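No experiment lies behind these values; they were computed from the predicted model shown. Just so you know, ligand 1 is whichever comes first in the structure, and atom 1 is the first atom listed for that ligand.
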Amino acid sequence: MAEIISGKVLAARIKAQAAQQAAKLREKGISVRLAVIIVGENPASKAYVRGKAKDCAECGILSDVLELPQSITESELLGKIEQLNQDDRVHGILVQLPLPPQIREQSVINAILPQKDVDGFTDINTGRLISGEECFLPCTPAGCIEMLKSTGMQIAGKDAVVIGRSNIVGKPAALMLCAENATVTLCHSHTENLKEKCAAADILIAAVGKAGFVTGDMIKPGAVVIDVGINRTADGTLCGDVVFDEAEPKASYITPVPGGVGLMTRAMLMMNTVRAARNQAQGRGDGEKR
Ligand code: NAD
């Protein structure tokens, strides 16, 4: 039987640290502030943004939510980002994805100053991650690494498999595991012999977006399983990519959905925002040493 890695407990701890650091900055006259841009009326995006504003409030971080119309042009959106870049009171800027089709997402993301890019999605921060330089780490994979570390396991030397190669989860997760000296296999929709590869993994991170994708036969006995997936079953129940009841008896540690990686993503955003404020107060232009 696996031990459950509780996102609830870990995220609460991280948010408490963020709150403490935000309070310290407040004593020095710095009110940590996050600006969140949301375009259009996507209900899931709206719910995510509400969650982020709530987290900010809990951590003593000010948050400004800019609600922009679905019809906004790319240049208008770039103008808003430029205003926030120039505003010294704003330490972190986040653009909630997805954006409407008339807007090129990466152009918009790259308009955010790297030192305010608390999502860690700009090309500059991605490049720094690849080079092993100081950077802002994307929140979801950073949360996965925190969860792995919380088990006390030694990541170095372990065989890690990441399923999914998106820019926001799979690829950075693979890079971060590599930086922790794991031997990483990055699997995706074209991977051959996926089951065998997963079944040989000491660390398995699933970021596919398909309920029931990772079955018990894909789990190496004693593996640590991190389930990033957020899916809804036909009856509306929230679930991950991993068949929990099959994986749990074989794994040594496993994350639940809900109550797992999702909460960590939110907590890591708070940490990145406080870090951005601290760096800016020190006149530094980048993230903190990883
Ligand atoms: P995505 O759709 O961008 O990427 C999915 C990846 O899965 C792709 O790289 C694709 O190659 C791979 N894939 C698809 N079918 C496959 C198959 N049959 N075999 C192997 N690989 C396959 O998704 P994403 O944005 O990376 O998100 C993945 C999941 O994680 C989604 O469920 C999403 O909701 C969830 N997510 C959760 C959090 C969180 O905070 N917990 C954050 C971001 C995303």
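No donor-acceptor contact under 3.5 angstrom links the side chains of Q115 and N279, judged on distance only. Side-chain polar atoms of Q17 and Q21 form no donor-acceptor pair below 3.5 angstrom.
Protein neighbours of ligand 1 below 4.0 Å, counting non-hydrogen atoms: T140, I163, G164, R165, S166, I168, V169, H188, S189, A207, V208, G209, K210, F213, V228, G229, I230, N231, V261, G262, T265.
Other residues, nucleotides and ligands place more than 12 heavy atoms under 6.0 Å from the CD atom of Q282.
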Worked check of side chain to side chain contact (heavy atoms under 4.5 Å, CB included) between L84 and K116: CA-CA 9 Å; L84 296 170; K116 295 192 178 187; 5.9 Å; no
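For the pair R50 and K46, the minimum side-chain heavy-atom distance is below 4.5 Å. The shortest distance between side-chain heavy atoms of R128 and P114 falls below 4.5 Å.
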